[in-house]
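Single-structure report; data block below.
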Amino acid sequence: MSHGTLAIDVETASPFNDPGWDDFDDTTYFELIAIALGYQSEPDGPIETTVLFRRGGWDDDSTASLLEDAVSWCRARDASRTLTYNGDGFDVIHLRNWGALVGVDVEPLLVGHEDLRHPATERHGNRLPEWKDFPKFETLCDWEGVETTPTYYSDYNLETSLQGYDAIDSAHVQGKHIGQVLGELYVDGLDNGDTGPCSIDDLERLISHYATGDIEPLFELDRLFNPPEEPV
């Protein structure tokens with residue numbers, strides 16, 4: 001029986017419609033930019049990560065190709081579980097909807113899916129304000145003592161190139177930055193021959209670092225929430 005564990009996190013953009021607070025489960029507002037993947041063959045073993053990117057414009061074929069690449073990566077690894085954070089509220093919904101739209105079976109990405117949002121909320125629900133359903137990922141990692149590494153624009157010499165975008169309101173990358181600015185710049189750059197304010201290579205390195213930073217802590221959180229059984 002396999003004890004391997006996958007982890008998955010999607011990065012999206014909203015180039016055509018801006019989602020409101022009630023729209024985050026509506027796939028018509030979101031386009032797939034990248035899929036971050038991780039794999040650990042056994043508890044406490046080394047973690048393998050990759051970030052797979054869209055390689056074309058906003059067409060369905062480009063979505064299908066990215067999903068197929070992710071499925072192939074996961075099929076090549078022996079796993080019985082897949083970790084997400086808020087996958088039940090976002091990643092899983094949209095992966096299945098995209099898959100149905102473009103005719104790709106995405107279930108190999110979601111084998112034995114476990115959304116760590118649920119044990120996080122059980123453990124820390126009393127620390128949340130009444131209006132919040134679950135902890136923000138970075139906040140949870142801080143509470144659990146799990147190290148995260150911010151992705152700073154200055155490390156990629158992009159802070160000057162992106163000064164004109166009001167949505168980029170911090171020195172480090174946030175998910176909303178990809179959704180509102182970076183993802184669209186990346187795909188439009190692919191379509192337009194890399195003529196935007198940032199090079200495709202720089203954006204890819206930046207997004208890749210950010211996305212990987214959301215994958216690796218999932219394995220540590222899983223170990224804390226589901227400690228391995230001691231041998232008898």
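This is a predicted model, so every value here is computed, not measured.
- By the criterion of side-chain heavy atoms lying less than 4.5 angstrom apart, applied directly or through intervening Ile, Leu, Val, Met, Phe, Trp or Tyr residues, Trp73 is grouped together with Val71 in one hydrophobic cluster.
- At most 12 heavy atoms of other shown residues, nucleotides or ligands fall within 6.0 angstrom of atom NZ in Lys136.
- Ring geometry for Trp98 against His94 counts as tilted: the plane angle lies between 30° and 60°, on a 0 to 90° scale.
- Grouped by direct or indirect side-chain proximity (heavy atoms under 4.5 Å, Ile/Leu/Val/Met/Phe/Trp/Tyr only), Tyr152 sits alone.
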Without placing hydrogens or testing angles, list every side-chain donor-acceptor pair under 3.5 Å for residues 7-25, not counting sequence neighbours.
| residue | atom | partner | partner atom | Å |
| --- | --- | --- | --- | --- |
| Ser14 | OG | Tyr29 | O | 2.8 |
| Asp23 | OD2 | Gly20 | N | 2.7 |

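- Within the structure, salt bridge (charged side-chain N to carboxylate O under 4.0 Å, His left out) contacts touching residues 169-193 (residues at least two apart or in different chains) are Asp169-Lys176.
- Residues Asp88 and His113 are in side-chain contact: their nearest non-hydrogen atoms beyond the backbone lie under 4.5 Å apart.
- Residues Val173 and Pro150 are not in side-chain contact: their nearest non-hydrogen atoms beyond the backbone lie 4.5 Å or more apart.
- Interatomic distance, Glu114 CD to Thr5 OG1, rounded to the nearest 0.5 Å: 8.0 Å.
- Counting only heavy atoms from C-beta outward, the side chains of Leu101 and Thr63 never approach each other to under 4.5 Å.
- No donor-acceptor distance shorter than 3.5 angstrom exists from the side chain of Thr139 to the backbone of Pro135, with no hydrogens or angles considered.
- The two residues Gly45 and Gln40 make their nearest non-hydrogen contact at O-NE2, 2.7 Å.
- Looking only at side-chain heavy atoms (C-beta outward), Cys198 and Leu162 come within less than 4.5 Å of each other.
- No side-chain heavy atom of His172 sits less than 4.5 Å from a side-chain heavy atom of His177.
- Through direct or indirect side-chain contacts shorter than 4.5 Å among Ile, Leu, Val, Met, Phe, Trp and Tyr, Phe134 is connected to Ile47, Leu83, Tyr85, Leu116, Phe137, Leu140, Val146, Ile215, Leu218, Phe219, Leu221, Leu224, Phe225.
- Under the 4.5 Å side-chain heavy-atom criterion for ILVMFWY residues, a single connected hydrophobic cluster contains both Val111 and Val104.
- Between the Arg77 side chain and the Leu6 main chain, no donor and acceptor come within less than 3.5 Å of each other.
- Between Val51 and Ile35 the shortest side-chain heavy-atom distance does not fall below 4.5 Å.
- A side-chain N or O of Asp26 and one of Thr28 form a donor-acceptor pair less than 3.5 Å apart.
- Taking each heavy atom of Asn86 and Asp115 in turn, the nearest pair found is N-OD1, 2.8 Å.
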Apply side-chain contact (heavy atoms from CB on, under 4.5 Å) to Leu66 and Phe53, showing your working.
CA-CA 7 Å; Leu66 176 50; Phe53 282 84; 5.8 Å; no
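- Legend: side-chain hydrogen bond (donor to acceptor under 3.5 Å, both in side chains) pairs involving residues 204-224, not counting sequence neighbours, sorted by first then second residue: Arg55-Glu204, Arg81-Asp222, Thr151-His209, Tyr186-Glu204, Asp202-Arg205, Glu220-Arg223, Asp222-Asn226.
- Residues Tyr165 and Leu185 are in side-chain contact: their nearest non-hydrogen atoms beyond the backbone lie under 4.5 Å apart.
- Considering OG of Ser65 and CG of Leu52, their distance stands at 11.5 Å, rounded to 0.5 Å.
- Between atom CD of residue Gln180 and atom CD1 of residue Ile178 there is a gap of 11.0 Å, rounded to the nearest 0.5 Å.
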Could you please spell out the steps behind the side-chain contact (heavy atoms from CB on, under 4.5 Å) verdict for Ser41 and Asp78?
CA-CA 7 Å; Ser41 62; Asp78 188 17; over 6 Å; no
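- Side-chain atoms of Leu182 and Leu203, non-hydrogen and from C-beta on, do get closer than 4.5 Å to each other.
- Considering OG1 of Thr121 and CG of Asp133, their distance stands at 8.0 Å, rounded to 0.5 Å.
- Here the closest heavy-atom approach between residue Leu109 and residue Thr82 is recorded as O-CG2, 3.2 Å.
- For the salt bridge (charged side-chain N to carboxylate O under 4.0 Å, His left out) condition, the pairs that include at least one residue of residues 138-157, sequence neighbours left out, are Arg123-Glu144.
- Between the side chains of Asp59 and Ser62, at least one donor N or O sits under 3.5 Å from an acceptor N or O.
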